[in-house]
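Take a look at the structure set out below.
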Amino acid sequence: MDIQFTDEEVAFREEIQQFLRDELPDDWDPLNQGSPHSPEQLPFTKAMADKLADKGWLTLAWPEEYGGQARSIMEQTVYREEMTYWGVPGTDLGTGAIGWVGPVLMISGTEEQKSEHLPPIANAERYWCTLYSEPGSGSDLASLQTSAVRDGDDYIINGQKIWTSSGHIADWGWLAARTDPDAPKHRGISLFMLDMKSQGVTVRPIVNMAGNHEFNEVYFDNVRVPKGNLVGEENRGWYTLAVALDFERSGVGYSASARRTLETLVKYAKETERNGKPLSEDPIVRHKLAERKIEIEVSRWLSYQVAWMQSQDMVPNAEASMSKLFGTELTQKVASTGMDILGMTGQLSKGSKWAPLQGYIQRLSLSSVSSTIAAGTSEIQRDIIARRGLGLPRA
Ligand SMILES: Cc1cc2nc3c(=O)[nH]c(=O)nc-3n(C[C@H](O)[C@H](O)[C@H](O)COP(=O)(O)OP(=O)(O)OC[C@H]3O[C@@H](n4cnc5c(N)ncnc54)[C@H](O)[C@@H]3O)c2cc1C
């Protein structure tokens, strides 16, 4: 690996930072924002997405013909790092719009599908959700049971999805459904674009243990999807999905947000006295903070390694899993360190006058639990590293 940011990449980072200083409110505190898709926050989330779209940054890596700027993988990495460090909402228009819906459409979509769906993403006009997981299918996604049965010019969808992030605000859904129940499980899945306003779609909220409504259950009761909304070939959905993996997936956001939290904890330790001395002089506190600092650097470099491999047209496999695994477990460790440093009052939530850092660490402790589950659990990542990184046999 040979990573050195070019002058252009350094200048781009500075441009992003200046833009954010100009555009974010003066009192912007990235650690104390509510859920970006809550009724209170959504207008701001959308306003930021509009501004990013105006700059052309929302889809900065897309080819110019689809409203992008054809920026490099390293520039995308810089962009993601800064956006996460500053806690900017609205960067993926719900879930997956920019990450995989657009990229997969560019490769596997028809011309009609591209012209209907790519411009509204580049212009921040359309929000998406991703409808993969089901109550009985998560890690083993290929076992999914939601059915899509051909009926004339439509498919009829029946079944249930769960953990659908941003399903309650999405205009469109990116749906994986079974079109051939008799085929081996990976070979009977197709991919559809679903108008979330279609008759028969019911979205029910799930509130997580941090008190946020981010994900949902989604039910389909004889929902008609026009056959023109099938993406790629029927029954080849699993393979169509896999192409999205070739896009930026460095995981640089984990170290960026951990870095922001660590800076806040360091400041707190300097400003807070316990037993007549600043916390920053307590050797246990100092050592914990130092350990997290090292891990943040490791996480950052693991993600740069993934980005660099992609920039060299290599396919990071075990490396992407290492970055995801290390980064998400780091998020939980930083939260736990915060809890240790804050002490008993660290458990108080926002709104309590005694809650240190406005209850941020308490929320992080609760919300970070899910980070090692979402987008592939830690067990699954370790298994990938064992097989593809170490060449161990399939368990
Ligand atoms: C915050 C969050 C947001 C999400 N957003 C979305 C979304 O927008 N759209 C969507 O479709 N899904 C979403 N998900 C769902 C997510 O993809 C699944 O939760 C995840 O894939 C795990 O599946 P599961 O919950 O069914 O757990 P399971 O697969 O049932 O796993 C349960 C436990 O068994 C372990 N396990 C399973 N298989 C193996 C194995 N082969 N070897 C070793 N251990 C194993 C797992 O590691 C885990 O500890 C989200 C989840 C979270 C937490």
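Counting starts at 1 for both ligands and their atoms, following the listed order.
When hydrogens are left out, the protein atom nearest atom 5 (N) of ligand 1 is Ser165 OG, 2.8 Å; that is the closest non-hydrogen contact. From the protein, the heavy atom lying nearest to atom 52 (C) of ligand 1 is Ala374 CB, 3.5 Å. In this structure, atom 24 (P) of ligand 1 lies nearest to the protein heavy atom Gly138 CA, 3.9 Å. Counting only heavy atoms of the protein, atom 6 (C) of ligand 1 lies nearest to Trp163 O, 2.7 Å. If you check which protein heavy atom lies closest to atom 20 (C) of ligand 1, you get Ile373 O, 3.6 Å.
Proximity annotation for atom 18 (C) of ligand 1: of Ser367, Ala375, Ser133, Ser143, Ser133 comes nearest, heavy atoms only.
Any N or O atom pair closer than 3.5 Å counts here, and Tyr132 shares at least one such pair with ligand 1. For a threshold of 3.5 Å applied to N or O pairs, the pair formed by Ser139 and ligand 1 contains at least one separation below that value. Considering both main-chain and side-chain atoms, Asp140 never comes within under 3.5 Å of ligand 1 through any nitrogen or oxygen pair. For a threshold of 3.5 Å applied to N or O pairs, the pair formed by Thr130 and ligand 1 contains at least one separation below that value. Below 3.5 Å of separation, one finds an N or O of Thr377 facing an N or O of ligand 1. Considering both main-chain and side-chain atoms, Thr95 never comes within under 3.5 Å of ligand 1 through any nitrogen or oxygen pair.
For NZ of Lys270, the number of neighbouring non-hydrogen atoms (other residues, nucleotides, ligands) closer than 6.0 Å is 12 at most.
Listed by atom number, the atoms of ligand 1 under 4.0 Å from Ser370 heavy atoms are 1 (C), 53 (C). Those atoms of ligand 1 that come under 4.0 Å of a heavy atom in Glu379, given as number and element, are 43 (C), 44 (N), 46 (C), 47 (O), 49 (O).
In this structure, Asp180 does not pair ionically with Arg187, as no charged nitrogen and carboxylate oxygen lie closer than 4.0 Å. With respect to the salt-bridge test (charged N to carboxylate O, under 4.0 angstrom), the residues Lys227 and Asp153 qualify. Looking at Lys267 and Glu271, a side-chain N of the basic residue comes within less than 4.0 Å of a carboxylate O on the acidic one, giving a salt bridge.
At a cut-off of 3.5 Å, with distance as the only test, no side-chain donor of Glu214 or Ser165 sits close to an acceptor on the other residue.
Per-atom contact check: atom 34 (O) of ligand 1 does not touch the protein, criterion being a heavy-atom distance below 4.0 Å. There is a protein heavy atom less than 4.0 angstrom from atom 50 (C) of ligand 1. Proximity of atom 30 (O) of ligand 1 to the protein is not indicated, since no non-hydrogen protein atom lies closer than 4.0 angstrom.
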Worked verdict on Glu297 versus Arg259 for salt bridge (charged side-chain N to carboxylate O under 4.0 Å, His left out): CA-CA 9 Å; Glu297 288 305 308; Arg259 188 156 45 94; 5.8 Å; no

Salt bridge (charged side-chain N to carboxylate O under 4.0 Å, His left out) between Glu81 and Arg300, intermediate numbers included: CA-CA 9 Å; Glu81 188 167 27; Arg300 193 177 191 178; 2.9 Å; yes

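The proximity of Ile380 to ligand 1, defined as any non-hydrogen pair under 4.0 Å, is limited to the side chain.
Residues Val218 and Tyr132 do not share a hydrophobic cluster, defined by chaining ILVMFWY side chains whose heavy atoms lie under 4.5 Å apart.
Side-chain atoms of Thr164 do not come within 3.5 Å of backbone N or O of Lys161 as any donor-acceptor pair.
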Exercise answer: donor-acceptor pairs, residues 85-94 side-chain atoms, under 3.5 Å, sequence neighbours excluded:
residue: Tyr85; atom: OH; partner: Glu263; partner atom: OE1; Å: 2.4
residue: Tyr85; atom: OH; partner: Glu263; partner atom: OE2; Å: 3.3
residue: Trp86; atom: NE1; partner: Glu82; partner atom: OE1; Å: 3.2
residue: Asp92; atom: OD1; partner: Ala97; partner atom: N; Å: 3.4
residue: Asp92; atom: OD1; partner: Ile98; partner atom: N; Å: 2.6
residue: Asp92; atom: OD1; partner: Gly99; partner atom: N; Å: 3.3
residue: Asp92; atom: OD2; partner: Gly96; partner atom: N; Å: 2.8

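Remark: Asp7 pairs with no residue by the side-chain hydrogen bond (donor to acceptor under 3.5 Å, both in side chains) rule, at least two apart or across chains.
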